[in-house]
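For the numbers below, each heavy atom of this structure counts, side chains included, while hydrogens, waters and symmetry mates do not. Throughout, numbering of the chain's residues begins at 1 and tracks the sequence.
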Amino acid sequence: MRRSVPSMAAALVLAGLLAPAPAAADPVPGRIAYRPAVPVPATYRLDCDGDRPGSTCTVVATARHRLGHVEEFSTTVRSGDQVWARDTVYSREGQVRSRPFVLPEQDVTVDVKVSSMPEKFVGTPLRLMAWNLFVGGTINRQETTGENLTQLIEYLNEVDPDVFFVVEAYGSGQKILDGLNARRAADDRFSAVQLTTPEDYSVNGDNLWLYTKLEIEKVYPRYADADISSFNLGGARLGLPNGQHVHAFSLWTWHDGPARHDSHDAAIQNLFGLPRTKTTEQILDNDRQRRMAMGKAILEKAIPSFIGDDDAPVLMGGDLNALPHEDWTAQFANARGHGGLVLPWPYTKLYNDAGFVDTFRYANPDAGRYPGSTFSPLSGFLATPGRIDYVWARGRDVRVLGSRTDVRRLPRHQDSRLDQPYPFYSDHGSVITDVLIRGKGTGPDRPAVNEQPADAREVWHATPDGVRVPPSELSATATTFKPGIGDPGNAVDGNPLTDYHSYYPEVAPQPHYITVDLGKVRTLSAVRFQPKLRSNMNGTVLEGMVQVSTDGTTFTDVERVEWRRVTEPNDVDLNGVSARFLRLRVDYGMGGASALSEIIPYEARS
């Protein structure tokens, strides 16, 4: 039974009876290795903390448990053809609770399907991980001590993937294998294969590797044509403990065509009501420069040449340098950072059309709440989500259990000297997905990974309380600036597309000071610091101190600030302080520089 849930009446505890029905539709087409599951009746209730859009809910489902069996609960929450939440959970007690989801504005339909299977024929769990290591964990050879690579390997051991798809191994492949196996038991060790062959890495490096705890039954030979080589794709057939096998491929496709930059510019222009510099078709042309041809070579030529008519599951991970078309539909046009854009990206759609599932988006279908940006924890996250790294899966036996992205060092590494300049071990975030390959096996043996939601759903932060001081009444000075293009006056001119920028850091090291003259003493409620909105985020302020003064000579500290590497505005509450001068001391900005699009003071309402 499907139950429609009015979002405005969701102080809910709803229950519905599931009549026996055909087995749940599988997320990915392919083969059936062993499928003893049968549908069973079940009930469910929707448990919410409120009755309005934005309330958080879970689905609690119950089915009659059969001794010696495991129940597979598949839950989907949708509004028409728009999916907002999805979960697959296994139980040996006949009851599960889904991951939380947030009620959208629209009424939703909850669809729960349950199958039962013998406990020894649930399947084999696999943790998949895809990651671009930024020149072998050396931060493009900027980090020469080896400490980052050591921490990177510690992080990998904590994630503990069964299959690890690597891009940009670049000389560190064997070191990573040795580090992964240093303290592992004999039955828990990794094997690895260097997929990019000497013919293709003589100039750039040994790009693609594949690491796995599974048996490597066959390494596929080098494939090369006019569009791709082993620098772009390589893989192997991997044996599962139950006698089944999967095909696994690491991949990388071309970075030309700044899709992320153009979509960022268009979203900002829409957000501030400015003319668009590129049309939607011109933005989509980024995919057509080289990636479309590469994708067709991968999907229509190379992979079929490797696997033939074998319909075993295909698992694939890597850096596509392309944005996901499922994230840019009309459903998410008004999600944070999308700026009303609908962008049917043609390249990633090729993979869906070839039967592959974007496992991160399958597990986290609400692209507004779970943007999953993977680029870039180093150079900063633009207004638009930059999810360009993927784990793909194809096959009827595949169940996606959960997926997350990581973009921060482990807590124990955040105290190291590397954390401030390099907040993650690479300039790419990693993608981690838990799947189950249905067949012989006892099923999941550890909790599925889980993505944390973004901070908020709004397109942009609401403006602070108070009355904005008009730009015409403000002026600004700075201790360092680039004449003309980086003049401090740009930070108070009311134009979000101009910015203040400090002079070269080797000439003017931090701290830097930028001071706003408010024209007279004012009672201030807040101040907004808008980072520069260019796609190059160098100079984005990360640490500093907000100060105020009545005479421009003696300044008082108001609040120490630590901001993220994002383009979203940062607001500071001034609590009615009286001041004529407002100053930001920049202690640390990206690249040793300081930059701001706007400093916007707000007076307290009388």
Under 4.0 Å between a side-chain nitrogen and a carboxylate oxygen: does that hold for [X] and [Y]?
X: Asp327; Y: Arg361; answer: yes
X: Arg408; Y: Asp406; answer: no
X: Glu72; Y: Arg399; answer: yes
X: Arg97; Y: Asp87; answer: no

Whether the side chain of [X] engages the backbone of [Y] through a donor-acceptor N/O pair (distance < 3.5 Å, no angle test) should be reported.
X: Thr348; Y: His325; value: yes
X: Arg189; Y: Ala185; value: no
X: Thr374; Y: Ile388; value: yes
X: Asn242; Y: Gly441; value: no
X: Arg387; Y: Ala322; value: no
X: Asp200; Y: Thr197; value: no
X: Arg99; Y: Ala363; value: yes
X: Asn352; Y: Gly355; value: no
X: Asn321; Y: Thr253; value: yes

Practice problem: Assert yes or no for the condition that the ring centre distance of Phe134 to Tyr422 is strictly below 6.0 Å. | Solution: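 Ring-ring flag for Phe134/Tyr422: false, centres at least 6.0 Å apart.
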Exercise. Determine, using ring centers only, whether Trp252 and Phe231 are less than 6.0 Å apart.
Key: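 Yes.
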Self-check item: Chi angles and distances behind the side chain to side chain donor-acceptor pair (under 3.5 Å) call for Ser91, Glu71
Solution: CA-CA 5 Å; Ser91 172; Glu71 287 75 46; 4.6 Å; no
Quiz item: Is it true that atom CZ of Arg446 has more than 12 heavy atoms of other residues, nucleotides or ligands lying nearer than 6.0 Å?
Solution: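 Yes, the 6.0 Å shell around CZ holds more than 12 heavy atoms from other groups.
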Practice problem: Assess whether atom CZ of Arg64 is packed by more than 12 heavy atoms of other residues, nucleotides or ligands within 6.0 Å. | Solution: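 No.
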Quiz item: Between Trp209 and Ser250, is a side chain to side chain donor-acceptor pair (under 3.5 Å) present by the stated rule, with each step listed?
Solution: CA-CA 7 Å; Trp209 280 61; Ser250 296; over 6 Å; no
Should the ring pair [X] and [Y] be called parallel, tilted or perpendicular, given that the plane angle runs from 0 to 90° and is split at 30 and 60?
X: Tyr220; Y: Phe306; value: parallel
X: Tyr351; Y: Tyr347; value: perpendicular
X: Trp392; Y: Tyr390; value: parallel

Side chains of [X] and [Y], donor plus acceptor under 3.5 Å:
X: Ser229; Y: Glu199; result: no
X: Asp310; Y: His245; result: yes
X: Asp262; Y: Asn286; result: yes
X: Glu154; Y: His413; result: yes

Quiz prompt | side chain to side chain donor-acceptor pair (under 3.5 Å) assessment of Asp389 paired with Asn132 | solution = CA-CA 8 Å; Asp389 301 271; Asn132 182 317; 5.4 Å; no
Over all atoms of both residues, closest heavy-atom pair of [X] and [Y]:
X: Val122; Y: Pro444; answer: CG1-CD, 4.4 Å
X: Leu436; Y: Pro125; answer: CD1-N, 3.7 Å
X: Pro241; Y: Leu214; answer: CD-CD2, 4.3 Å
X: Leu156; Y: Pro161; answer: O-CD, 3.6 Å
X: Leu149; Y: Gly136; answer: CD1-O, 3.7 Å
X: Ser426; Y: Trp131; answer: CB-NE1, 3.7 Å

Quiz item: So how far is it from Leu208 CG to Tyr201 OH, rounded to the nearest 0.5 Å?
Solution: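 Between atom CG of Leu208 and atom OH of Tyr201 there are 12.5 Å.
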Practice problem: Rounded to the nearest 0.5 Å, what's the gap from CZ on Phe73 to OG1 on Thr88? Could you check? | Solution: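 Reported value, rounded in 0.5 Å steps: 11.5 Å.
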Practice problem: Report yes or no: is the cationic atom of Arg290 (NZ for Lys, CZ for Arg) under 6.0 Å from the centre of the six-membered ring of Trp254, at an angle within 45° of the ring normal? | Solution: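 Checked: cation-pi criterion met.
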Quiz prompt | Cation-pi geometry met for Arg86 and Tyr362 (6.0 Å, 45°) | solution =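 The answer is yes; both the distance and angle limits are met.
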Exercise. Show your working on side chain to side chain contact (heavy atoms under 4.5 Å, CB included) between Thr280 and Leu284 and close with a plain yes or no.
Key: CA-CA 6 Å; Thr280 295; Leu284 298 178; 4.1 Å; yes
Quiz item: Mind checking whether Gln82 and Asp366 have side chains closer than 4.5 Å, heavy atoms only?
Solution: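 Side-chain contact under 4.5 Å: no.
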Practice problem: Decide side chain to side chain contact (heavy atoms under 4.5 Å, CB included) for Arg288 and Asp285; before the verdict, give the C-alpha distance in whole Å, the side-chain angles of both, and the deciding distance to 0.1 Å. | Solution: CA-CA 5 Å; Arg288 302 180 181 118; Asp285 280 341; 2.6 Å; yes
Practice problem: Using the side chain to side chain donor-acceptor pair (under 3.5 Å) rule, take His65 and Glu93 through it: C-alpha gap first, then chi angles, then the decisive distance, then the call. | Solution: CA-CA 6 Å; His65 176 62; Glu93 291 82 31; over 6 Å; no
Practice problem: May I have the step-by-step check of side chain to side chain contact (heavy atoms under 4.5 Å, CB included) for Tyr370 and Gln452, ending in yes or no? | Solution: CA-CA 7 Å; Tyr370 300 98; Gln452 295 301 307; over 6 Å; no
Practice problem: Start with the C-alpha gap between Val110 and Val59, add the side-chain angles, then the distance that decides, and say whether side chain to side chain contact (heavy atoms under 4.5 Å, CB included) holds. | Solution: CA-CA 8 Å; Val110 178; Val59 178; 4.0 Å; yes
Self-check item: Option from Pro377, Pro423, Ser430, Ser373 for which side-chain contact (heavy atoms from CB on, under 4.5 Å) with Val407 holds
Solution: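 So the option named by the test is Pro377.
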Practice problem: Dump the intermediate steps for salt bridge (Lys or Arg N to Asp or Glu O under 4.0 Å) on Glu119 and Arg66, then the final yes or no. | Solution: CA-CA 10 Å; Glu119 61 185 4; Arg66 298 172 61 191; over 6 Å; no
